[in-house]
Protein chains: 2
Amino acid sequence: MEMKTMVDEEINMHEEMRRAFALLSGKWKLEIMWLLNQRVYRFGELRKAIPGITQHMLTVQLRELEADGLLSRTIFAEVPPRVEYEITQKARGLGPTMEALTAWWREYGKSVPIKPSARGRKSKIA
Amino acid sequence: MEMKTMVDEEINMHEEMRRAFALLSGKWKLEIMWLLNQRVYRFGELRKAIPGITQHMLTVQLRELEADGLLSRTIFAEVPPRVEYEITQKARGLGPTMEALTAWWREYGKSVPIKPSARGRKSKIA
DNA sequence: CGGAATCCCTGCTGATACTG
DNA sequence: CAGTATCAGCAGGGATTCCG
């Protein structure tokens with residue numbers, strides 16, 4: 001019988017977590033889920049709330065999140081049409097994650113450079 | 001004088017959060033940060049730990065995370081070369097976020113379909 | 001070992017047009 | 001309103017090769 005170490009647990013957990021990362025790693029998915037964690041949104045509201053996203057990409061990302069069971073899509077048979085997106089029960093469990101992320105940014109956000117990605121080079125030599 | 005509502009706060013917070021999403025929305029960044037939240041990793045370790053990532057993409061993502069101040073890169077003047085990646089102080093604040101995400105997946109992960117994205121269509125009519 | 005450089009191809013944006 | 005469809009243009013990601 002082998003003893004399971006904490007490192008083993010982390011490795012195995014990582015394997016499981018990879019599915020979770022896949023669900024949320026879409027280009028706009030974190031932002032969409034963050035918004036839907038607050039309230040129900042209509043398609044047009046999301047589009048206005050997320051500057052830079054194209055209507056095509058918004059559609060695609062919403063469809064994927066729906067297929068992955070993270071949000072539900074409700075069509076109202078009205079004129080003009082209305083479609084509402086709501087977080088599902090299981091995705092509601094992401095609430096604490098979203099709140100922790102928000103709290104982190106509230107505290108450390110201002111200490112992060114504005115648009116440095118892919119420019120600076122400041123590696124240390126040891 | 002206008003009264004600030006909670007909705008106003010959420011809207012303004014969203015505007016600030018968009019920078020945070022940008023930092024973490026890279027295709028592999030959530031996973032990289034999740035790993036680095038546990039311990040220091042060498043380049044080769046990360047590559048082995050993240051099946052599917054190319055060495056080019058790993059380099060790019062690490063450089064961006066470094067430029068954004070989320071990790072530090074330390075080069076050891078040895079033969080063979082060794083480079084270690086470590087989470088920075090400010091990114092350590094992401095710990096609670098990572099733990100909340102892990103806890104969520106531990107509880108709801110098994111109820112999420114395997115690879116449904118971009119296939120199923122189950123919108124409700126209301 | 002940990003890259004950088006190269007080429008190539010997929011994917012996203014942006015614009016526009018059309019539909020239930 | 002909330003999509004779908006199409007196309008041009010560019011950026012990003014994948015595969016391969018080379019190097020200190």
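Lettering follows sequence order; numbering is per chain, from 1.
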* Do the non-hydrogen side-chain atoms of B/Ile32 and B/Gln61 ever get within less than 4.5 Å of each other? -> yes
* Asked: For the pair made of CD in A/Glu45 and P in D/dG3, what is the distance, rounded to whole Å?
  -> 12 Å
* Between D/dA2 (C1') and A/Met57 (CE): distance, integer Å -> 17 Å
* With heavy atoms under 4.0 Å as the rule, sort B/Phe76 into base, sugar-phosphate or nothing. => nothing
* **Any A/Tyr41 side-chain N or O less than 4.0 Å from OP1/OP2 of D/dC1** => no
* Asked: Which nucleotide, D/dA15, D/dT4, C/dG2, lies nearest any side-chain atom of B/Thr54?
  -> D/dA15
* Asked: When you check the phosphate oxygens OP1 and OP2 of C/dG2, does a side-chain N or O of B/Arg82 lie under 4.0 Å from one of them?
  -> no
* Asked: Base, sugar-phosphate, or nothing: which does B/Gln55 touch, judged by heavy atoms less than 4.0 Å apart?
  -> base
* Asked: Between D/dA2, C/dT13, D/dG14, which nucleotide gets closest to the side-chain atoms of A/Arg42?
  -> D/dA2
* Look at A/Arg73 and D/dG3 and indicate whether a side-chain polar atom (N or O) is within less than 4.0 Å of OP1 or OP2. => yes
* Any side-chain N or O of A/Lys27 less than 4.0 Å from the OP1 or OP2 oxygen of C/dG11? -> no
* Validate the cation-pi geometry between A/Arg39 and A/Tyr41: distance from NZ or CZ to the six-membered ring centre under 6.0 Å, angle to the ring axis within 45°. => yes
* Asked: Does the side chain of A/Trp28 get closer than 4.0 angstrom to OP1 or OP2 of C/dT13 through an N or O atom?
  -> yes
* Asked: Between A/Glu84 (CD) and D/dC1 (P), how many Å, whole number?
  -> 15 Å
* Asked: Hey, is the side chain of A/Arg47 poking within less than 4.0 Å of OP1 or OP2 on D/dG3, counting only N and O atoms?
  -> no
* Between atom CD1 in A/Ile53 and atom C1' in D/dG3, what is the gap in whole Å? -> 14 Å
* Asked: 5'-most contact on DNA chain C: A/His56 or B/Phe43, nearest heavy atom basis?
  -> B/Phe43
* Can a cation-pi geometry be assigned to A/Arg73 and A/Tyr85, taking NZ or CZ under 6.0 Å from the six-membered ring centre and within 45° of the ring axis? -> no
* Nearest-angstrom distance from the residue atom CG of A/Leu58 to P of D/dT4 -> 10 Å
* To the nearest angstrom, how far is A/Gln61 atom CD from D/dT4 atom P? -> 14 Å
* Please test B/Arg18 against B/Glu16 for salt bridge (Lys or Arg N to Asp or Glu O under 4.0 Å), starting from the C-alpha separation and ending with a verdict. => CA-CA 5 Å; B/Arg18 303 195 78 225; B/Glu16 296 176 37; over 6 Å; no
* **Rounded distance (Å) that lies between atom C1' of D/dG13 and atom CG of B/Leu62** => 15 Å
* Are any side-chain N or O atoms of A/Ser72 and backbone N or O atoms of A/Thr88, one a donor and one an acceptor, separated by less than 3.5 Å? -> no
* Roughly, in whole Å, what's the span from CD in B/Glu64 to P in D/dG13? -> 7 Å
